[in-house]
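Before any comments, here is the structure.
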Amino acid sequence: MLKPAYPENLSEVDAQLLDLGQWRLVNSTLDRADAASVLGFVQKVGSAYEVLELERPLSPTRVRSLREARALLVGPRRGHE
């Protein structure tokens with residue numbers, strides 16, 4: 001099972017645009033070739049953003065902004081480790 005490497009700071013979570021309304025969230029402190037750098041995916045759904053965390057693929061989370069989506073994937077703030 002893939003174990004994402006969660007960063008400690010929000011500034012270390014990058015949102016890479018994949019397509020209109022779709023992003024890949026990555027830990028920018030790791031090499032892009034490292035599979036552990038991929039934290040999850042975000043899709044804009046109406047006025048919300050749906051976050052799919054790789055560790056919890058069956059439980060997407062809805063938030064109000066891309067910033068909130070990125071904040072879900074910061075180590076100490078994740079709340080479900």
L52 vs Q43 side-chain heavy atoms within contact, under 4.5 Å: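 Answer no - side chains too far apart.
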
For [X] and [Y], which heavy atoms make the closest approach, and how far apart are they?
X	Y	answer
P60	P57	CD-O, 4.4 Å
L54	P4	CB-CG, 4.1 Å
S11	S28	O-OG, 4.1 Å

_Are L17 and V63 linked, directly or through intermediate hydrophobic residues, by side-chain heavy-atom contacts shorter than 4.5 Å (ILVMFWY only)?_
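Linked within one cluster.
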
With rounding to the nearest 0.5 Å, note down the distance linking [atom1] in [X] to [atom2] in [Y].
X	Y	atom1	atom2	value
Y49	K44	OH	NZ	4.0 Å
Y6	L25	OH	CG	10.5 Å
N9	R70	CG	CZ	11.0 Å
S37	L30	OG	CG	6.0 Å
R56	T61	CZ	OG1	4.5 Å
E68	L10	CD	CG	11.0 Å

**OP:** Apply the side chain to side chain contact (heavy atoms under 4.5 Å, CB included) test between P7 and each candidate in L39, V26, L73; give the one that qualifies.
**Re:**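 Passing option: L39.
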
### Task
Would you check if the side chain of D14 reaches a backbone N or O of Q16 as a donor-acceptor pair within less than 3.5 Å?
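Answer holds: no.
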
